[in-house]
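Everything on this sheet refers to the single structure shown next.
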Amino acid sequence: MRPGNPEALQHPYDPARVESRWYAYWEERGMFQPRGDAEGATAGRGRFVIAIPPPNITGSLTMGHLLGESIRDLIVRWQRMEGRETLYIPGMDHAGIATQNVVEKKLRADGRSRHDLGREEFLAEVWKWKEEFGGLIFRQERRLGTTPDWTRERFTLDPGYSHAVLHVFRALFEKGLVYRGRYIVNWCPRCRTALSDEEVDHVETQGSLWHIRYPISGTEKFVTVATTRPETMLGDTGVAVSPKDTRYAKLVGKTAVLPLVRREIPIIADAMVDPKFGTGAVKITPAHDPNDFQTGKRHGLAELVIMDESGVMNENAGDFRGLDRFEARKRIVAALQDAGYLEKVEPHTLSIGHCSRCDTVIEPYLSWQWFVKMVPLAAPAIEAAKKGRIKFFPSRWKKVYLHWLENIHDWCISRQLWWGHRIPVWYRGDEMVVSIESPEGEGWRQDDDVLDTWFSSWLWPFATLGWPEKTRDLERFYPNSLMVTGSDIIFFWVARMIMAGYEFTGEAPFPHVYFTSIVRDAQGRKMSKSLGNSPDPLAMIDRFGADAVRFTMIYLTPAGQDLLFDEKRIETGKFFANKMWNAAKLVQMRIGDEDLGAVKESQLDLSLADRWILSRYANAVKDVTRNLKTYRFNEAANAIYHFAWNDYCDWYLEMAKPRWAEDADPTDRRTARWVAWKVFDGILRLLHPFMPYVTEELWQALPHDGDCLATASWPKSKKSWFDAGVERDIVFLQEIVVSVRNMRVEAGLQPGRKVSVVVRGTPEQLDLVERLAPQLRPLARIETLTVSRDGGRPQVAASSVVQGAEVFLPLEGLVDLGEERERLTRDASKLLDELEGVKRKLRNQDFLNKARPDVVEKEKLRLAQLEETLEKLKRAQESLRVSQG
RNA sequence: GGGCGAUUAGCUCAGUUGGUAGAGCACUUGCUCGACAAGCAAGGGGUCACUGGUUCAAGUCCAGUAUCGCCCACCA
């Protein structure tokens, strides 16, 4: 046992001061590293491994990170204290598009583009940027007190990690699961790259449906098509109608003349056309619409690309060449109208895809890209969730996950960027090889494209551990134990990690996935830069302290719901930390120099109050632990908060104060000291994963056992400490205290004024009151406490009924009694309502016959108690009337 | 078009197998009594969105309605 440090608590609680002290202390002791790294270490009680969802190198700390990190570190610290060998893997994502955008923007400010630099030099610029600004988020994170093993930090573009990515590409290619093809993809004309389906955000938009007349060749007639994108008509190579549509049956096989362009295009019948939509006739633009692309393939229609990669009309657009797609739309509509081809325009709601990076409207674009065949990869991931080998918390995400996997499309993984893993494919004439190293011989040219960022991060749980090499880390720490992340990346990342886990390691990368709340502002809006509604996390930590921020985020996060955040609420955590600080001060001041660690329980004489707080403590340990195990973090925070504040500070410490006095009985004083210290020590342990800094500080300021709280053991509930009977006894005491305090206030007594109290009740109750008298007196400021065994009662008194016992506060000559009478009437009417409810229940034959016997018994008891209480209140009212009259 | 979630105190939300409605903040009143005014004490405030059903008993289970929010979908 080590002595505390009284000096540490001499000043008021100051988070900044406390929180600057411990991070280096922990880190120097290597406590962030798995225990097994040390020479001759033992495995301990199993392992716990969790990986950070790698933030983008462009990122800085957001409210979302704050919540995620608070939760991950909460679990890691708890598991470490539980004795497990823990590893929290940190690292960052190169974030292809996001990072390239940032650096290009910087170049643009100097009037340069990446093309001015060339590929090599541009990448050098990005690396330079990465070295300078890339680590910001982790520098910020240290302030939060999280405990990743920084010696194992990984980056998705590290040589080893890159090797894993290219290895995977090659392996999938060899298996026939990666292929190259010319298809319609989601194209961002601003980023000038292809995107996956998941990188497109759909927004409901009020658009128009343009009805355009296409003349039928060799006749005066025309067929009217309806479209939401008139500009694509320049690329039309057919018109389709439904084969079942009798209106148009005669037209099939004929040709139409494309307005403005005068190209003859066939009229075909295809089942994809819904006769009920629009006019029932559809223009077919195979190069600019995924549906039309399929239709075109079925009918051998030409694929005519009319835009370039920036969304500007190209040489196939005739007079409209050089126009931006939206300008072209206006001009084309105008030209159609002028020439009499435009039949009508209807308002039409549709959902338009936007680039999730830059919000530019997505263009379906025909191009050569690399794809991953997903159906075979999805199969084991689907089975894993169905069989429960992977569980989601909250569980409803399982449905979302399965729905996506069961309707999965192939994944477009090539990006027309420079920052990323360059596709390991080489071309020479018609030859193509997939190879991580450049092939032997002259004239090979590597594919220009890089891989989707998520094609590297889907390997995160094992590539961070050295896979595909069979490293010691991989053996020790894979699979991981848990994934904690946001539900917004369930498809991007979680589902793909699971697929990759099964494909490349043959097992699930983790058994559990916990989805954190989405942090929104007080009005429920998403936190965003443009709205300016996100508090600056660092400023917040400075203002309230990391402990306060961590605790409050966890205290507020509802399981499975969004978190509506208001900065003011961080006060909850700050005030709580302050409360613990002051409680420590009191305990510290009163426990003296005695070596409490050496005290054995057999040397103590536990009072009812002691047994009560130990029982409550045992319950708190159970509650906190259970709620952590079931990922109900807010409930866990709630449990420790209320135990520490209400039970321990408000009641136990108040009851212990007189027992610490100089003239108190030595054994009793020692007992009160030991229990107060012991329970507070436990509170600090339970609270440490939530508030690491202040708990460490307080723990070391008090007598403690060991090097630091961060590696101390997690408390266990002692069976012998649970005592429901004592808990009931103290509830009785608490109710008496509250009733006396209430009577005092109602009677308008000075707060400091001592009073006399008389209690009447059953012999058992009176015995209990006598045993509890030493605690009762100071809590309720009672001068003389009398138990009335002969049934006597004061004549003029305020009174209340507690569990059937009567508590009297003699008022003779103290106040006018009007207030008191009002209070009694209020109490009585409240009781009357309750009584009516219970009576109704007990009159109900069905209730008596069908409810569980113990429930019926309870109701009967309650009836008796209510009636008795009411009776006593009436007598009190009566006696007041008599005494005043 | 499909799916999911929410609706409980003025606000934000808990409420784990159905059995006397809770917290924080806000509000009212009173407190410089040796840990803490970032505090203590006492209080006020709720037909648990609506309708119906199951049950002895529903905030809790079931069905439907309304409002709000989110996700998915090749919605010319």
Side-chain angles (χ1 to χ4, degrees), chain A residues 9 12-13 184 197 202 204 209-210 225-229 232 240 272-274 277-285 289-294 348-351 364 394 396-397 399-400 403-404 407 409 487-488 490-491 518 520 522 524 526 544 548 552 555-556 558-566 568-569 571-572 574-590 626-627 630 632 634-635 638 641-642 649-650 653-654 657 737-738 741-746 748-752 778 781 834 837-838 841 844-852 854-856 858-859 862:
Chain A
L9 302 178
Y13 172 55
I184 300 259
D197 295 343
H202 294 273
E204 286 263 298
L209 196 58
W210 283 272
V225 299
T227 180
T228 55
R229 303 182 58 214
T232 62
M272 61 82 75
V273 180
D274 174 3
F277 187 92
T279 61
V282 188
K283 59 191 270 313
I284 302 296
T285 324
D289 182 278
N291 260 329
D292 294 4
F293 180 76
Q294 297 298 335
H348 179 69
T349 311
L350 73 168
S351 108
R396 66 186 149 86
W397 290 104
K399 241 185 177 173
V400 177
H403 180 258
W404 186 76
N407 296 281
H409 293 90
S487 55
D488 52 334
I490 183 171
F491 308 137
I518 293 170
R520 300 175 175 279
K526 235 174 181 164
F544 299 101
T552 310
Y555 182 80
L556 289 182
Q561 295 306 129
D562 292 350
L563 190 166
L564 268 56
F565 181 81
D566 187 339
K568 184 170 163 45
R569 304 202 59 188
E571 285 186 346
T572 307
K574 189 180 171 185
F575 293 173
F576 184 39
N578 182 58
K579 186 74 183 176
M580 291 303 101
W581 181 274
N582 285 299
K585 242 163 121 167
L586 174 67
V587 170
Q588 208 260 5
M589 197 183 294
R590 300 299 181 85
R626 192 196 53 210
N627 283 312
T630 51
R632 286 203 282 247
N634 59 333
E635 294 287 318
N638 209 39
Y641 182 90
H642 284 109
C649 291
D650 290 348
L653 289 181
E654 293 305 324
K657 275 176 183 172
V737 169
V738 169
R741 285 170 176 171
N742 179 260
M743 288 188 283
R744 299 171 55 105
V745 168
E746 299 281 343
L749 295 184
Q750 298 277 320
R781 297 192 174 274
E834 248 186 279
V838 177
K841 248 183 187 178
N844 184 343
Q845 207 52 41
D846 285 331
F847 174 72
L848 296 176
N849 293 336
K850 294 180 186 170
R852 277 207 326 267
D854 62 303
V855 174
V856 176
K858 236 167 96 184
E859 285 304 312
R862 221 176 119 218

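Just the heavy atoms: all of them, side chains too, but no hydrogens, waters or symmetry mates, feed the values below. Every chain is numbered from 1, with letters handed out A, B, ... down the list of sequences.
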Measure the distance from [atom1] on [X] to [atom2] on [N] and round it to the nearest whole Å.
X	N	atom1	atom2	value
A:Gln845	B:U55	CD	P	18 Å
A:Asn634	B:G22	CG	P	19 Å
A:Lys841	B:U20	NZ	P	7 Å
A:Asn844	B:U55	CG	C1'	11 Å

Exercise for review: Would you please confirm or rule out a distance under 4.0 Å between OP1 or OP2 of B:A41 and any side-chain N or O of A:Asn742?
Suggested key: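 For A:Asn742, the contact criterion (side-chain N or O under 4.0 Å from OP1 or OP2 of B:A41) is not met.
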
Check your understanding: Quick one: is B:A42 close enough that its OP1 or OP2 comes under 4.0 Å of any side-chain N or O from A:Arg741?
Key ->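 Answer is yes, contact under 4.0 Å.
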
Practice item. Indicate yes or no: does A:Asp566 engage A:Lys568 in a salt bridge with an N to O separation below 4.0 Å. Key: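 No salt bridge links A:Asp566 with A:Lys568.
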
Exercise for review: For the pair A:Arg744 (side chain) and A:Arg781 (backbone), establish whether a donor and an acceptor sit closer than 3.5 Å, ignoring hydrogens and angles.
Suggested key: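 Yes: the side chain of A:Arg744 pairs with the backbone of A:Arg781.
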
Who pairs with [N] - Watson-Crick or G-U, where each distance is under 3.5 Å:
N	answer
B:A35	none
B:C25	B:G10
B:C48	none
B:C61	B:G53
B:C70	B:G3
B:C75	none

Exercise for review: Measure from the side-chain heavy atoms of A:Glu635 and tell me the nearest of B:G24, B:C56, B:G15.
Suggested key: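 Taking heavy atoms from C-beta onward, the closest nucleotide is B:G15.
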
**Study point:** A:Arg852 side-chain proximity, nearest of B:G5, B:A23, B:G19
**Key:**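 From the listed options, B:G19 comes nearest.
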
Check your understanding: Under 30°, 30 to 60°, or over 60°: which ring-plane class applies to A:His348 and A:Phe277, parallel, tilted or perpendicular?
Key ->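 Plane angle over 60°, so perpendicular.
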
Practice item. Decide yes or no for A:Leu653 and A:Leu586: does some side-chain heavy atom of the first lie under 4.5 Å from some side-chain heavy atom of the second? Key: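 A side-chain contact under 4.5 Å exists here.
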
Output a table of nitrogen or oxygen pairs between the protein and nucleotides 35-39 of chain B separated by less than 3.5 Å.
residue: B:A35; atom: OP2; partner: A:Arg590; partner atom: NH2; Å: 2.8
residue: B:A35; atom: O2'; partner: A:Asn582; partner atom: OD1; Å: 3.0
residue: B:A35; atom: N7; partner: A:Lys657; partner atom: NZ; Å: 3.2
residue: B:A35; atom: N6; partner: A:Glu654; partner atom: OE2; Å: 3.1
residue: B:A35; atom: N3; partner: A:Asn582; partner atom: O; Å: 3.1
residue: B:A35; atom: N3; partner: A:Ala583; partner atom: N; Å: 3.3
residue: B:C36; atom: O4'; partner: A:Asn582; partner atom: OD1; Å: 3.0
residue: B:C36; atom: O4'; partner: A:Asn582; partner atom: ND2; Å: 3.4
residue: B:C36; atom: O2'; partner: A:Asn578; partner atom: ND2; Å: 3.3
residue: B:C36; atom: O2'; partner: A:Asn582; partner atom: ND2; Å: 3.1
residue: B:C36; atom: O2; partner: A:Lys579; partner atom: NZ; Å: 2.7
residue: B:C36; atom: N3; partner: A:Lys579; partner atom: NZ; Å: 3.0
residue: B:A38; atom: O2'; partner: A:Asn578; partner atom: ND2; Å: 2.7
residue: B:G39; atom: O3'; partner: A:Lys579; partner atom: NZ; Å: 3.2

Check your understanding: A:Asn844: what forms a side-chain hydrogen bond (donor to acceptor under 3.5 Å, both in side chains) with it, not counting sequence neighbours?
Key ->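 Residues passing side-chain hydrogen bond (donor to acceptor under 3.5 Å, both in side chains) with A:Asn844: none at all.
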
Practice item. Summarise protein proximity over nucleotides 71-76 of chain B in one line of letters, 5' to 3': B for base, S for sugar-phosphate only, - for none, counting protein heavy atoms closer than 4.0 Å. Key: -S-BBB

